Trainee: 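What follows is a structure written as structure tokens; I'll ask about it next.
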Amino acid sequence: MLDSKLIRTNPETVAAALNKRGYTLDVARIKALEEERKAIQIKTENLQNERNTRSKNIGKAKQAGEDVAPLMQAVEQIKHELAAAEIELTKVQEAFDVLLNSVPNIPATDVPEGKSEDDNVEVRRWGMPRSFHFPIIDHVDLGASFGGLDFDTGTKITSSRFAVLRGGVARLHRALAQFMLDTHINEHGYEEVNVPFVVNAESLYGTGQLPKFEEDLFKLTDERGLYLIPTAEVPVTNIYRNEIVENAQLPIKMVCHSPCFRSEAGSYGRDTRGLIRQHQFEKVELVQFVRPEESDEALEELVGHAEAILQKLGLPHRTVILCGGDIGFSSAKTYDIEVWVPSQNKYREISSCSSFRDFQARRMMARYRNPETGKPELLHTLNGSGLAIGRTLLAVLENYQLDDGNVTIPEVLRPYMGGQDALLPVKK
RNA sequence: GGAAGGGUGGCAGAGUGGUUUAAUGCACCGGUCUUGAAAACCGGCGUAGGUUUAUAGCCUACCCAGGGUUCAAAUCCCUGCCCUUCCGCCA
């Protein structure tokens, strides 16, 4: 959520900044609502003042033993006027809130112009894709050859876009999660957290998935109105909803391994083969709460933490900065990290790292006490995948395949694999 | 799942319809005193919104949340959430 004061007093400036996203702000409507709001709010508060004063006088008169009937008579009219004014005020405020909630974050000044993902700008590249002197087998067939990647059974027990992992592949998947967690905890200074995988609507509102993107979520049908998490970002970031943290606690850096559930509405027919796009996947998520002046630097560091995982795994990747037309609703600036996928002969997204500045914090009222002013001020929030585990598994299988059908296990994972150095095909 | 009791400022805790502008204590901040500190004393001490050039003043709202009753609600009523204790069940 943007600062309502800013958008009300300077709608043209905000509109200009949002142009980079290709978002058109309805300036005329904002101005009209604001004018209306101002008049009604002043009227309402004056009436409240009048009523409060008179009610107090009634109390005093009663104590003094005077006849209060005429005083009560006089306040009757105010009561009705006030009730009407309050209804009107609520209506205007709700209309404004609906509008404000639908406005995306302002992109950072260094976010490149552009309409779609084709306009994203590569900022760096790491590693050289291998050249294969044998036909590349994709992860689906590789997984099947180990008897460890089974989409048909996932479909049977649940529906399409669910998978069953078994044996060495399942263990490799777990090894990746452990390796990522340990690296972020031991080398990057994150605190491990374990959180609920089911959240309420307030939390989803806080991080910006609601009210606009409900169709992407799995909603439980019981009367509590809960949802499965689409990312650990939601429960982890909401740890500090409605909290005021002390300056000395900052920066707060948390890492969380969780399943993610996405209904992927609107993506039917895309990436239907393999692990790229599933309804359930696991992810190690990095979340940071920082002082406002430190968030730009924190984003660069956070991207580096995610890239470090790929580098330790020896997986070629590149980092792109998303253009205005491609960044997410709540984000001010986003870097995507893309890993090399040999079977597709291209880089595919494996991490998305964003700074939300104060956009999420304002929705959540996540604040810290600024030692200079002594006042609570909004924090800045950031998060990024460090990394998506299913896609990393895919990348390891494909990039480390050998011509004999084996897959070498990257050295950093071997301690988590009981020392095993390769996955071998199952003999039929 | 059953029964009972609760939810008030950073913390403790009073307040059961109108002199409440939420008492008091602790903590915290500033000051006086002191060589310095402690103690004592004096003052300050929430959040959000509005108005305004103003972080000055003034106004409004907020005592778990949402409704309601009333001229007037921390206080009365309804619903929900959460906590505590006991019983039952349970990995």
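Keep in mind it's a predicted model, so treat the numbers as computed, not measured. Both backbone and side-chain heavy atoms feed into the values below; hydrogens, waters and symmetry mates do not. In what follows, chains are A, B, ... by sequence order, proteins preceding strands, each numbered from 1.
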Trainee: Report the C-alpha distance between A:I350 and A:L310 in whole Å, list the side-chain angles of each, state the deciding distance to 0.1 Å, and finish with yes or no for side chain to side chain contact (heavy atoms under 4.5 Å, CB included).
Mentor: CA-CA 10 Å; A:I350 196 165; A:L310 289 169; 3.9 Å; yes
Trainee: Between A:L378 (CG) and B:U47 (C1'), how many Å, whole number?
Mentor: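 A:L378 atom CG is separated from B:U47 atom C1' by 13 Å.
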Trainee: May I ask which nucleotide in the shown strands pairs with B:C58, Watson-Crick or G-U wobble, both distances under 3.5 Å?
Mentor: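 Paired with B:C58, as far as the under-3.5 Å criterion goes, is B:G50.
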Trainee: Taking the six-membered ring where the residue is Trp, are the ring centres of A:F213 and A:F329 under 6.0 Å apart?
Mentor: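 Yes.
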Trainee: Take atom P in B:G46 and the same atom in B:C29, then report the distance between them in whole Å.
Mentor: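 The answer is 15 Å between these two P atoms.
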Trainee: Given the P atoms of B:G25 and B:C45, what is the spacing between them in whole Å?
Mentor: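 Straight-line distance between the two P atoms is 15 Å.
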Trainee: For nucleotides B:C11 and B:G67, find the distance between their C1' atoms and express it as a whole number of Å.
Mentor: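 One C1' to the other, the span is 31 Å.
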Trainee: A:E246: what forms a side-chain contact (heavy atoms from CB on, under 4.5 Å) with it, not counting sequence neighbours?
Mentor: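 Only A:Q249, A:R369 meet the side-chain contact (heavy atoms from CB on, under 4.5 Å) criterion with A:E246.
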Trainee: With both distances kept under 3.5 Å, what pairs with B:G1, Watson-Crick or G-U wobble?
Mentor: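 Base-paired to B:C87.
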Trainee: Given atom CE of A:M365 and atom P of B:G46, what is their separation to the nearest angstrom?
Mentor: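 Taking atom P of B:G46 as the reference, CE of A:M365 is at 16 Å.
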Trainee: Among all residues two or more places apart in sequence or in another chain, which pass the side-chain hydrogen bond (donor to acceptor under 3.5 Å, both in side chains) test with A:E35?
Mentor: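 side-chain hydrogen bond (donor to acceptor under 3.5 Å, both in side chains) check on A:E35 returns nothing, list empty.
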Trainee: According to the Watson-Crick and G-U wobble definitions, with both distances under 3.5 Å, which nucleotide is paired to B:G9?
Mentor: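 Pair assignment: B:G9 / none.
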Trainee: Taking CG from A:L100 and P from B:G49, how many angstroms apart are they, rounded to a whole number?
Mentor: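 In whole Å, B:G49 P lies 12 Å from A:L100 CG.
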Trainee: Looking only at atom C1', what distance separates B:C62 and B:U53, rounded to whole Å?
Mentor: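 Taking atom C1' in both B:C62 and B:U53, they lie 29 Å apart.
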Trainee: Thinking salt bridges, do A:D271 and A:R348 make one under a 4.0 Å N-O criterion?
Mentor: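 Here A:D271 pairs with A:R348 in a salt bridge, since their nearest N and O are under 4.0 Å apart.
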Trainee: Can you tell me the pairing partner of B:U35 across any strand shown, Watson-Crick or G-U wobble, with both distances under 3.5 angstrom?
Mentor: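 Paired with no nucleotide.
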Trainee: Would you measure the distance from the C1' atom in B:C81 across to the matching atom in B:A23 and give it in whole Å?
Mentor: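 These two C1' atoms come out 30 Å apart once rounded.
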Trainee: NE2/A:H380 to CZ/A:F359 distance, rounded to the nearest 0.5 angstrom?
Mentor: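 Here the interatomic distance stands at 12.5 Å.
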Trainee: Could you measure between the two P atoms, the one in B:C28 and the one in B:U34, and give it in whole Å?
Mentor: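 Going atom to atom, P in each nucleotide, I get 24 Å.
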Trainee: Polar pairs (N or O, both sides) under 3.5 Å between protein and nucleotides 51-55 of chain B?
Mentor:
| residue | atom | partner | partner atom | Å |
| --- | --- | --- | --- | --- |
| B:U51 | OP1 | A:R37 | NH2 | 3.3 |

Trainee: Quick check: on RNA chain B, is the nucleotide nearest A:N57 upstream (toward 5') of the one nearest A:S4, or the reverse? Name the residue that is more 5'.
Mentor: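 So the residue in question is A:N57.
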Trainee: Between A:E187 and A:K312, is there a side-chain N and carboxylate O pair less than 4.0 Å apart?
Mentor: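 Looking at A:K312 together with A:E187, the answer is yes, because their closest N to O distance falls below 4.0 Å.
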Trainee: Check the phosphate of B:C71 against A:K79, side-chain N and O only, distance under 4.0 Å to OP1 or OP2. Yes or no?
Mentor: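 Checking B:C71 against A:K79, a side-chain N or O does come within under 4.0 Å of OP1 or OP2.
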Trainee: Write down the distance between CE (A:M72) and C1' (B:A72), rounded to a whole number of angstrom.
Mentor: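 My rounded result for the distance is 9 Å.
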Trainee: Pick from A:D296, A:T109, A:N105, A:D110: which one makes a side chain to side chain donor-acceptor pair (under 3.5 Å) with A:K333?
Mentor: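 So, applying the side chain to side chain donor-acceptor pair (under 3.5 Å) to A:K333 and each of A:D296, A:T109, A:N105, A:D110, only A:D110 qualifies.
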Trainee: Using the C1' atom as the point on both nucleotides, what is the distance between B:U75 and B:U69, in whole Å?
Mentor: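 Result for the C1' pair: 13 Å, nearest Å.
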Trainee: Whole-Å distance between B:U60 P and A:I78 CD1?
Mentor: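 Distance check: A:I78 CD1 to B:U60 P gives 13 Å.
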Trainee: Quick check on A:E293: does its CD atom have over 12 non-hydrogen neighbours (other residues, nucleotides or ligands) under 6.0 Å away?
Mentor: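 More than 12 within 6.0 Å, yes.
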Trainee: What is the distance from CG of A:N242 to P of B:A48, rounded to the nearest Å?
Mentor: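 Atom CG in A:N242 sits about 12 Å away from atom P in B:A48.
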Trainee: Can you check the A:E86 CD to B:G49 C1' distance for me, whole Å?
Mentor: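 Taking atom C1' of B:G49 as the reference, CD of A:E86 is at 14 Å.
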Trainee: Scan every strand shown for a Watson-Crick or G-U wobble partner of B:A73, both distances under 3.5 Å, and answer none if you come up empty.
Mentor: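 Paired with B:A73, as far as the under-3.5 Å criterion goes, is no nucleotide at all.
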Trainee: Of the residues in residues 44-56 of chain A, which ones touch RNA chain B at a heavy-atom distance under 4.0 Å?
Mentor: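 Result for residues 44-56 of chain A: A:E45, A:Q48, A:N49, A:R51, A:N52, A:S55, A:K56, sorted by number.
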Trainee: Looking at B:G30, which nucleotide sits across from it as a Watson-Crick or G-U wobble partner, both distances under 3.5 angstrom, or is there none?
Mentor: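 By the stated definition (distances under 3.5 Å), B:C42 pairs with B:G30.
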Trainee: For residues 90-104 of chain A, which residue pairs pass the side chain to side chain donor-acceptor pair (under 3.5 Å) check, not counting sequence neighbours?
Mentor: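 Sorted pair list: A:N101-A:Y205.
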Trainee: Quantified in whole Å, what is the P atom distance between nucleotide B:C87 and nucleotide B:G66?
Mentor: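 Going atom to atom, P in each nucleotide, I get 36 Å.
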Trainee: How many Å lie between CD on A:E81 and P on B:C71, as a whole number?
Mentor: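 It works out to 16 Å between those atoms.
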Trainee: Once side chain to side chain donor-acceptor pair (under 3.5 Å) is applied, what residue pairs with a partner in residues 407-425 of chain A remain, sequence neighbours excluded?
Mentor: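 The answer is A:D182-A:Y416.
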